[in-house]
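What follows is a set of notes on a single structure, which appears directly below.
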Amino acid sequence: MQIETLATLNAERAARRAAILVTDLEGGAQRVVREAEIAADPLADLLARHLASGRSGLVEAGGRTLFLTVQAPPVRLVVIGAVHISQALCPMARALDLAVTVIDPRTAFATPERFPGIDLVAHWPDDAFAGPVAPLDRYCAVAALTHDPKIDDPALAAALRAECFYVGALGSRKTHAARVARLAGAGFGEAAIGRIAAPIGLDIGAVSPAEIAVSILAQIVAAQRAPRTGAPT
């Protein structure tokens, strides 16, 4: 591998941006395709599918055998609210190798006893994202579960600004309608607000906290594995 190629891959990794190394197995030529460049690449469909799956592998294109090495940032799940659903959701998410953080300023809820082994941040979302929690990005999922606009809304706004790949919020359609009005008043457009999954989770008839957690995680995985190409919009 040429030093320039390695430097490019390292730079993308450090910036938490995805990239794919395309290696021609016959001639040995290599090139790096950054995520923002995939849509314009001749191998766009192949690259998008491999990036969505997170798996490297052999492909045939143009009569040549290529190896696609996928480099994608680790996916983070930021849960807003140390509630019962969160207690069920966190261990499931960790089993899928998601890096989980729970944010809740209510210290009576955000306790190690209720969330063993989970990164707990007992701050308001704005303070959390300004300090102890790493900045949100396109490889983050945010699930707002407190049902309290004072806590959920700032987190949702931060997630929309960061163009997180998944943004979900707990609440009925009536609750979400009021949320939409607040976010619109804060300057968010219809397209951005429309990215919020609300009511949160896939419609599987979930009732218990554990079932709701399953529906949320399934929706997150579906969003994570959907092919994405091009730069953020």
Side-chain angles (χ1 to χ4, degrees), residues 15-17 73-90 92-94 98-112 114-115 118-202 209 212-213 215-217 219-220 223-224 228 231-233:
R16 278 184 57 84
R17 293 190 296 259
V75 174
R76 295 165 50 206
L77 170 60
V78 179
V79 180
I80 310 302
V83 297
H84 291 309
I85 296 172
S86 308
Q87 286 181 282
L89 177 63
C90 288
M92 296 180 194
R94 290 186 64 185
L98 302 183
V100 183
T101 299
V102 174
I103 298 174
D104 196 324
R106 302 169 300 183
T107 54
F109 294 96
T111 66
R114 298 182 72 231
F115 293 88
I118 298 297
D119 180 23
L120 289 173
V121 180
H123 295 302
W124 292 88
D126 283 342
D127 294 334
F129 295 134
V133 177
L136 299 174
D137 57 37
R138 294 185 76 202
Y139 283 83
C140 293
V142 173
L145 305 178
T146 73
H147 227 296
D148 183 342
K150 298 189 301 297
I151 303 174
D152 285 347
D153 283 9
L156 292 171
L160 293 177
R161 285 193 295 267
E163 298 189 325
C164 296
F165 79 88
Y166 176 85
V167 185
L170 188 68
S172 66
R173 287 176 173 79
K174 180 178 179 181
T175 297
H176 186 57
R179 181 187 294 126
V180 167
R182 293 193 301 272
L183 289 172
F188 288 95
E190 183 178 348
I193 297 173
R195 295 186 55 242
I196 301 174
I200 197 170
L202 296 182
I212 296 170
S215 75
I216 294 170
L217 195 55
Q219 195 171 49
I220 290 172
Q224 178 187 355
R228 293 176 290 154
T233 57

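Every heavy atom of this structure was used, including side-chain atoms; hydrogens, water molecules and symmetry mates were not.
Of all heavy-atom pairs spanning Ala155 and Phe129, the tightest one is CA-CE1, 4.1 Å. The shortest heavy-atom contact between Gly201 and Tyr166 is N-OH, 4.0 Å. When all heavy atoms are compared, the tightest approach of Thr107 to Ala122 is CG2-CB, 3.9 Å. Across every non-hydrogen atom of Leu156 and Gly168, the tightest pair is CD2-O, 4.0 Å. The nearest pair of heavy atoms linking Ala128 to Val121 is CB-CG1, 3.9 Å. Heavy-atom minimum distance, Ala93 versus Leu217: N-CD2, 3.9 Å.
Rounding to the nearest 0.5 angstrom, the gap separating the NE2 atom in His84 from the CZ atom in Phe109 is 8.0 Å. Once rounded to the nearest 0.5 Å, the distance linking OG of Ser86 with CD1 of Ile118 reads 10.0 Å. We find the CG-CG distance between Asp126 and Asp153 to be 10.5 Å, quoted to the nearest 0.5 Å. Going from atom CG of Leu145 over to atom CG of Leu170 covers 6.0 Å, rounded to the nearest 0.5 Å. Distance SG/Cys90 to CG/Leu120: 8.0 Å, rounded to 0.5 Å.
If you run side chain to side chain contact (heavy atoms under 4.5 Å, CB included) between Ile200 and each of Ile216, Ile220, Val167, only Ile216 comes through. Each of Thr101, Val100, Val78 was checked for a side chain to side chain contact (heavy atoms under 4.5 Å, CB included) with Asp119, and the lone residue meeting it is Thr101.
For the pair Ile151 and Arg106, the minimum side-chain heavy-atom distance is below 4.5 Å. Looking at Leu77 and Leu89, their side chains come closer than 4.5 Å, going by heavy atoms from C-beta outward. For the pair Lys150/Trp124, a side-chain contact is recorded, criterion being any heavy-atom separation below 4.5 Å from C-beta on. Side-chain contact check for Ile196 versus Leu183: some heavy-atom pair is nearer than 4.5 Å.
Distance alone, capped at 3.5 Å, is enough to place a donor-acceptor pair between the Arg76 side chain and the Ala134 backbone. Judged by distance alone, with hydrogens and angles left aside, the side-chain atoms of Gln87 form a donor-acceptor pair with the main-chain N or O of Arg114 at under 3.5 Å.
Defined by atom type and a distance below 3.5 Å, a donor-acceptor pair is missing between the side-chain atoms of His176 and Arg173.
Applying the side chain to side chain donor-acceptor pair (under 3.5 Å) criterion to Arg16, with sequence neighbours excluded, gives Asp137.
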